[in-house]
Amino acid sequence: MVDLSTEGQLDTVQMMVNMGPQHPSTHGVFRMVLWVDGERIVDLEPHIGYLHRGSEKLCEGELYVQIVTLFDRMDYISNLNNEMIFCRAVERLMGLAVPERAEYIRVILCELNRVASHLLFCGTFGIDAGAMTPIMYAFRDREKIQSMFEAVTGARMMHNYIRIGGVKGDVPDDFSQRMGALLKVLRQGINETDKLLSFSEIFLARTKGIGVIDAETAIAYGMSGPSLRACGVPMDVRKDEPYSVYDRFDFGIPIGEKGDSWDRYYVRVEEMRQSMRIIEQALEQMPDGPTITPSRLVLRPPQGEVYVRGENPRGEIGVYLVSNGADKPYRVKVRPPSFCNLMAIKELLKDTYIADAVVILGSLDIVLGEVDR
Amino acid sequence: MVERHRREEAPQAPVDLDDKGRALELLLPGILAEFQPEIGATVNLVSVTVKSQDVPSVCRLVKEDPRLSFNFLMCLCVVDYEEHLQVVYHLYSTDMKHMMVLKANVSPEEPSLPSVTSLWTGADWYERESHDLFGVVFEGHPNMAPLLLYEGFEGFPGRRNYEMPEYKEW
Amino acid sequence: MSLSLVVFYLLGAVCLGGAVGVVVSRNVVHSALLLLVSLMGVAGLYLLLLAEFLALVQVLIYGGAITIIVLFVIMLTRVQEFRAMKDNPQWPLAVVAALAMFVLLAAAMIKGAPSETTRQSVSFEELGSSLFTQWAVPFEVASLVLLVALIGAIVIAREGGEE
Amino acid sequence: MSALETLLLVLAIFGVLTGLSVIVLSLIWLERKFLGRMQMRMGPMHVGPFGLLQPVADAVKLMAKEDLLSSLVDRVVYWVAPLAVFVPTFMIWVTIPVARDLVIRNLDMGLFYIIAFSVLSIVGLVTAGWASSNKYAVLGGFRAAAQLVSYEIPLILAVLGVAMLAQSMNLEEVVNSQSTVVYALVQPLGLVIFFIAGLAELGRTPFDIHPAESEVVGGPFVEYSGAHWAVFFLAEYINTFAIAALTVLLFLGGWLFPGISGDVSALGVLVFLVKTYLVILVVFWIRGTYPRLRIDQLMSLGWKVLVPLALVNVVITASYMFYGWSAWSLSLMSLAILGAAIWGLSKRMRTAPTPEYTVKLYVPAPEASNAG
């Protein structure tokens, strides 16, 4: 007789779903192999490296001034912050002083860059959650920021504006007025996006309590930036170890409570407001003067090694620079914030739904250019 | 081409520690005495060099000691000094807000040292990356599969003696 | 041959063809879809008999609900093993059972078939009022049975889910 | 059936098909333009005046497109699936009147017929997902099956309420019985349930869970291209129009409008179309505003909220019919239950009032910030 017992035969099958590298919600070429039971994720294996260009190795073959452009392309959403961190590393190594005005311009542009980056996040996060309008609002405002960058740096994305020892050139004459007007528009725009998305019942239902991570685990994974601050850890390099002229501004660090996706989202929204506060103060305090310390085109920093920290929109970035006294660095290592934040994905996605996977991944706000380098 | 030799004639960068760094510099020799560390400083951080087999115990000690409490692995990387590979750990404490560098040298022929993933989960991908690019084997790592490179990639492209393949049209 | 007879033969062919397909097809999903075809053919036959309500119920329940559930179950479970189950060695038994059923039904039909049928449509209202007055008790019993089945299904599903 | 009648029937079917195609084109244009305006874009603007010919251009493009086919697809099922979706969506138009006496066949059990046939298109979605041999498509197919089967129930129960009030399942009679007061006022609860369930049946935001492009990349349609995909698209828009039309017929008085005599067919059609397009604009508006629900939230909304509410709706309607209460008392009860449901739901979704839903601002003590 045939065995008609259905023991084990009628179990639902675990399906392997290959999410990415080409998937609309992986924010680049990130691949997750998901094992799903129906809609529920049983296990997953993240795969990165599809955008690995060997940036760190490339740095070893370029002059110091050329490397700034490589950093531009690492986290292509927050170029200026990346330029800044490398320049600061070289300046620290050489003991090169940066003119005050240059520091202020750097801070203003970096914070503006942070706003642009977070705006992009708000938009794409909306898309991840299924709302299609927020990204249009966010991009409307981000475009204005990009135009501002264009006016100052001459490029919309790969600026190469922050140079070792200062910035490429002074800002346009009407910079203050234009910034003031821009900030006003941005405030309004952010409030609009906020109203549209942040407190929508459905958005709350989709993000509250999804992808919760506690502070201890987050620290163990090396998460940083808004993703860590959402767990209630007020860790921000701009406060902990103020670089540039950040100690002269009055601003707060938004921190979340539960460490869920909504907290990660809203910490960023609040951060935009704080960034704009910084920009306003910086615009008021900005002194006149030169914008770059003249230095040789082919820099030969002294032998030694240095690690500098900086606060990127995505989290804490660090550059470990080893110099042997030559015109090219001996070794450059970047601590990429997205890389560390993304590492926690396995923890975050455990036992969630496929739809949550998209939201949680979106809430980490990764940039694959930086994860893979 | 990459400049291979170290330029001995170049000046040394001056050490310029902040208050926390100086405090650490005084504190560390006492705590780590049993491991006979070489305690020095990079430009802005205290650096401790230990033997590679001591890495996990030193890490555990600096993580658990309340005066240090280095609970945050900021960065893990490998520097190829040709005569040896140096594994560099940048450690940070979220409570004390201070930072130090831990270094361990391994031989380039058979580079291997114990993994620290049990202490800091975040060491996972860093160690895999270092394995990919420099061939350093981290003993006790749960999954040493290639991370950034594809399966079956030949050689260790992070090392300085890696010959870049000629550019080819695909 | 009248139009309705042509339609009848067509629908009959659809029914039988679908039914044969269900049994013959090696692909379980194809079988399920052919089952739908067959059931739709039956709905067409009902329509031909002016039993509009029955036809629509056939479409709604069998076409919409049952087939989808069957498809759902097939796709969610291990299809490969179902393929093996199609080579069921019990098929001679099934043939005998089916033939016996056929003979029984055929005999009943030949014996009980009226020589002349009058076609009449049953209105919606009549159907409703007779269900709720004349046949109220059987109707309620039937719904009770369904309710029990429903609760049973929930209980079984829960056991696996929450331990 | 005489030859003339048959000819008329064929003509009518042909007319409905043509009319629906035109309506679909107009809907595509309207949706893109409307969403564009909501998102501060222009929408289509280059093809024809105001981009009016954009949908035509799109249709031509889709027809001319190469049909890409994965080697693993189950071909027969793959080709049949779009038809299985399209045919039922077209068939329900047999009995949907657009004005008095302007309908192919005014069936006595019209509503029942519509419900029965609209269910059939689910089979098409499920098989499309399965035959594509793509995991996203399979997931989307499952989602479609689970979602659409579940939301049939509140939809049917909401329709039942109207059928009880009108004492008929004939759509024309349903409209005629609203000549004094539209059912939207008598049964606001029913309208809301019907509209929500209808949105879910359409798979539109916030219930666009089976084609969710950020999750399952278009669900059952992911592998389809060209003309076959266009058929799905066509079906989706015809369905949108059908649900809007049903909302208008069942709850908003169809072609009736105070002061406008519905006896003139052309005027009736105009009123009907204006109402329907307004309802569709609401659908688009929702699409431009809300994120997407998750499948389990959708299911619990359907089973735990809409089905009980729909049952309550049926019960109060039955009591009203049986005890002969006045219409306004039913209306008040319906409104009260609706209000209570919305209040309870928002209470449940927000475990606390809004202020808790902000992040705190951490400002370190001054000495700490000056330490470095």
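Both backbone and side-chain heavy atoms feed into the values below; hydrogens, waters and symmetry mates do not. Residue numbers begin at 1 in each chain, while the letters A, B, ... track the order of the sequences.
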Any pair counted as salt bridge (charged side-chain N to carboxylate O under 4.0 Å, His left out), so long as it reaches residues 364-373 of chain A, sequence neighbours left out
A:E56-A:R373, A:R268-A:D365, A:R314-A:D365, A:R373-B:E129
Honestly, the part of B:R128 sitting under 4.5 Å from a heavy atom of chain A is side chain
Between A:D240 and B:K97, is there a salt bridge with N-O shorter than 4.0 Å?
yes
Segment of B:Y92 engaging chain A (4.5 angstrom heavy-atom cut-off)
side chain
Say whether A:Y243 and A:R88, considering side chains only, have a donor N or O and an acceptor N or O under 3.5 Å apart.
no
Can a donor-acceptor pair be found between the side chains of B:D18 and B:N44 at a distance below 3.5 Å?
no
Heavy-atom cut-off 4.5 Å, strictly under: side chain, backbone, both or neither for B:P146 against chain A?
neither
Would A:N324 and A:Q303 count as having a side-chain donor-acceptor pair, cut-off 3.5 Å?
no
Counting heavy-atom pairs under 4.5 Å to chain A, which of B:D80, B:L76, B:N143, B:D132 comes out on top?
B:D80
Are the aromatic rings of B:F156 and B:H131 close, with centres under 6.0 Å apart?
no
Non-neighbouring partners of B:F134 that pass ring pair (Phe, Tyr, Trp, His ring centres under 6.0 Å), sequence neighbours left out:
none
When the 4.5 angstrom heavy-atom criterion is applied to B:L45 and chain A, the contacting part is side chain
Please work out whether the ring planes of B:Y81 and B:H84 are parallel, tilted or perpendicular, with thresholds of 30° and 60°.
tilted
Expected contact set for residues 215-230 of chain A against chain B at heavy-atom separation under 4.5 Å reads A:I219, A:A220, A:Y221, A:G222, A:M223, A:S224, A:L228
Tell me, out of B:L148, B:L119, B:L147, who's got the most heavy-atom pairs with chain A below 4.5 Å.
B:L148
My understanding is that only residues two or more places apart in sequence, or in another chain, count here; which of them pass ring pair (Phe, Tyr, Trp, His ring centres under 6.0 Å) with B:F138?
none
